[in-house]
**Q** 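Have a look at this one.
From a predicted model like this one, the values you see are computed outputs, not experimental measurements. Below, read A as the first sequence line, B as the second, and so on, with proteins coming before strands; counting in each chain starts at 1.
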Amino acid sequence: MSPDQHHLTAGIDPGSSAVKVAIVRSRAGQDPEILATTMQRIRRRYVHKVVEAAFDEACLKAGVKAGDFDYIASTGDGDAVARRTGHFYSMTTHARGSLFLDQEARAVLDIGALHARAIRFDHRGKVLGHRMTSQCASGSGQFLENIARYLGVPLEEVGKLSEEARKPEGVSSICAVLAETDVINMVSRGISTSDILKGIHLSIAGRLVRLLRAIRAEGVVLLSGGLAADTGLLAAIREVLNDDRTKKRFHAKVEIRTDPDSILAGALGAALVAAYRYEQLERMGRLEVVA
Amino acid sequence: MLRSLVTTPAEPSEQAADPAATLLSQATALVEDQGLKAVAEWKARHPGGLAIGHMPIYVPRPLIEALGCLPVAIYGGGDQVDIIRGDSYFQSYICHIPRSTIELGLAGSYDILDGMLFPSICDVIRNMSGMWQLLFPDRYAAYVDLPQNFSPEVGGKFYRHELERIASELAKRGALTLDPAALRRSIEAENKRREAIARIDEVRRTEPWRVRASEAYVMVRAGGQLPAAEHTAMLEEFLEKVGERESRPMDNVRVVLVGSFCEQPPIDLIRTLEKAGCDIIDDDFLLGFRFIEGAIPLEEGGDPLEALVRAYLERGVATASRYIGEEEKGAALVEKVRHCSADGVVFAAASFCDPALLDQPMLEAALDKAAIPFTSFKFAENTGQFQVIREQAGAFSDSVKLWGATK
């Protein structure tokens, strides 16, 4: 790519509860420029339609047209993105997106609506190892959303309330159904909402820290996904990591960080990986696959 | 007993727009038909005709058709059958296909069949032939001893004798007597089918976005219970319809899949690999239809039975159930990868499949030497959870696409 040339790429990340889109302009020798990002909740709508709506919104913000793109990459539920040029797995895109958001990050904890996963990567964003929670939803955003609904707490207040807890109550970290039963018992025992939420945050944090240990994470770890903005969860993870018992088991020092755009890490990563891939195809003389 | 096979239906609007949708639905119905309705219909149209089931991998189907019989490929119960009685006939540390086949046999699903052939794949299938004879003593059951000596004087003579034995045993049960002219016609029909399959494979290689491996799989497998001519017509129509598709290229990784020649993976596993960004441009699924490379050569005025024998001896593919030199199989795989311009190899063998898993280290060594990336996993025909495979295939696909064979 010559210095005056640029590539326009998009990353589209249909998740379980929201569709995220990022549009990136890349120039040789320069940092990529994020032209626009959008997120639309699915809310029982047909996911293909949400993808199109979110993409159109992002294009409008960026001042570009659908036909201007060199490469449109999907991640997450790729089948929902009819206009994709290629698909990249969410491990790859969250790693790349996290590296973009924090150059010092060498691992990411991606906590989505249905799963949580820990991914370790190198300075290029190449995935070196990963672990994921098992089938149970007790370490996921959907579970926390359900509990917040049962407790009558708006999602945006969950973090703040959790941070006000004085005597958090332990809940099951194995099974979402058992955890929900625990919560019902706590409500009937008159446990405060703050203490219940903190107990849930600590339970989720315990699972996430075990994932980090399993991938031998060290240094800066970025939170991504829908729960990255939950300050209560962030505080709980830090608390678990600072616990003496965890320190004894952990092989290295870990610093947890988050970013205001963490929820967009997958979409950003997809757009950035798309730019890299496009240049690679260009070098290999294989642009026919993206024509 | 039966569970739903289809877990990822196409969107209705997508299906309506796809010119090949109707054909794919018909083929899927044939694949899912554990009760072998198509065989019953064939028998109704051919009074007195015998339906002869056969296990994977290779059985000379033209010979059976020449005897006025319908060869019926049996691939076990897939993910549609819960094993209850089948488990009591086999130890736990073997593959799944014999259990589900016995289960279906005992449940009466194969009552329509007049006989079963068990080609030499491995010890498990050999034992199964004996078990079948004990369980169904009133029906024909035979072990087809495919020779592992490929010289015409030794393996050739033996194999010819084996084919004549089967023909004469079936004739005693009501099949037609082996007639060279009929055999020639059935070989010609089989060659046309092979040509149609080869054309589909070529489209997959050159335009993988036009025909997905999962679609080609369904179309080819549907022919397991059809006469060659009927299947060929179906495949040719499919080729015509996919030519009308308005599809476009995708930036996927091109892979060759190896190891699924006998027990077949669930279709959703193939779709999982596709969703993970892999274009499976070559594979050894349903290997029987492609076991002989190219056409079975028929010489003018020559002996068609000898043509069948020579094709087996000289044109067999390099696969785990053929005892050929170690390096030969590795070299053949590397050559296939290069011929297809594939980016890597996916080893997908059935759990406890001795032939596949014993060959795999040799094949991996050849790929390592040629710097061709690969990944491997195991499955069972009734595997229902694909998350781990999806993770692995996705990581492999991205790794190959973005980083090539580099560490």
Side-chain angles (χ1 to χ4, degrees), chain A residues 9 46-49 70-96 114-115 117 119 121-122 124-135 269-270 272-281 283-284 286-291, chain B residues 7-15 17-18 205-210 212 214 245-255 268 271-279 281 341-343 373 375 384-407:
Chain A
T9 57
Y46 185 42
V47 68
H48 288 70
K49 287 188 177 157
D70 293 305
Y71 198 116
I72 297 173
S74 64
T75 189
D77 178 12
D79 278 355
V81 187
R83 60 172 77 243
R84 70 190 186 277
T85 316
H87 179 81
F88 295 95
Y89 207 57
S90 47
M91 280 182 296
T92 306
T93 54
H94 278 264
R96 182 65 189 91
L114 293 183
H115 298 288
R117 77 182 94 213
I119 305 153
F121 50 86
D122 68 11
R124 300 167 295 174
K126 185 182 178 186
V127 175
L128 302 175
H130 78 283
R131 280 290 168 91
M132 189 173 171
T133 48
S134 52
Q135 298 300 320
L272 293 164
V273 167
Y276 177 80
R277 177 65 176 162
Y278 185 83
E279 284 167 30
Q280 198 182 41
L281 289 169
R283 278 198 305 275
M284 292 191 294
R286 283 184 58 191
L287 281 182
E288 75 279 359
V289 297
V290 295
Chain B
T7 57
T8 50
E11 291 302 330
S13 55
E14 234 173 71
Q15 227 172 15
D18 180 7
R205 264 193 294 276
T206 53
E207 297 176 292
W209 56 91
R210 197 170 287 286
R212 287 183 175 193
S214 54
R245 276 180 169 172
E246 287 177 13
S247 38
R248 61 179 174 81
M250 294 276 292
D251 181 24
N252 286 339
V253 63
R254 293 165 62 86
V255 300
D268 276 339
R271 291 187 185 128
T272 295
L273 295 176
E274 290 168 345
K275 282 183 181 182
C278 296
D279 281 336
I281 48 163
S341 306
D343 301 305
T375 189
Q385 291 289 336
F386 306 110
Q387 183 62 34
V388 173
I389 290 171
R390 192 169 180 170
E391 293 264 332
Q392 195 180 335
F396 177 70
S397 159
D398 285 1
S399 165
V400 169
K401 258 202 286 198
L402 297 171
W403 314 106
T406 60
K407 296 282 178 193

**Q** Heavy-atom pairs under 4.5 Å with chain A are the metric here; pick the option from B:Ser397, B:Ala393, B:Gly394, B:Gly277 that has the most.
**A** B:Gly394
**Q** If I take atom CG from residue B:Asn252 and atom CZ from residue A:Arg84, how far apart are they, to the nearest 0.5 angstrom?
**A** 7.5 Å
**Q** Rounded to the nearest 0.5 Å, what separates atom OG in A:Ser90 from atom CZ in B:Arg390?
**A** 8.5 Å
**Q** How far apart are the closest heavy atoms of A:Gln280 and B:Leu402, and which atoms are they?
**A** NE2-O, 3.0 Å
**Q** To the nearest 0.5 angstrom, please state how far the CD atom of B:Glu274 sits from the CG atom of A:Asp79.
**A** 10.0 Å
**Q** Hey, could you give me the CG/CG distance between A:Leu281 and B:Asp251, rounded to the nearest 0.5 Å?
**A** 5.0 Å
**Q** Please flag which part of A:Phe88 lies under 4.5 Å from any non-hydrogen atom of chain B: side chain, backbone, both or neither.
**A** both
**Q** For the atom pair OH (A:Tyr276) and CH2 (B:Trp403), what is the distance rounded to the nearest 0.5 Å?
**A** 4.5 Å
**Q** Is A:Ala73 in contact with chain B via its backbone, its side chain, both, or neither, using a 4.5 Å heavy-atom distance?
**A** neither
**Q** Counting heavy atoms not belonging to B:Arg210, are there more than 12 under 6.0 Å from its CZ?
**A** yes
**Q** Does CZ in B:Arg212 sit with more than 12 non-hydrogen atoms of other residues, nucleotides or ligands closer than 6.0 Å?
**A** no
**Q** Which pair of non-hydrogen atoms, one from A:Ala82 and one from B:Arg248, has the smallest distance, and what is that distance?
**A** O-NH2, 2.8 Å
**Q** Looking at NZ of B:Lys401 and CZ of A:Arg277, how far apart are the two atoms once the value is rounded to the nearest 0.5 Å?
**A** 6.0 Å
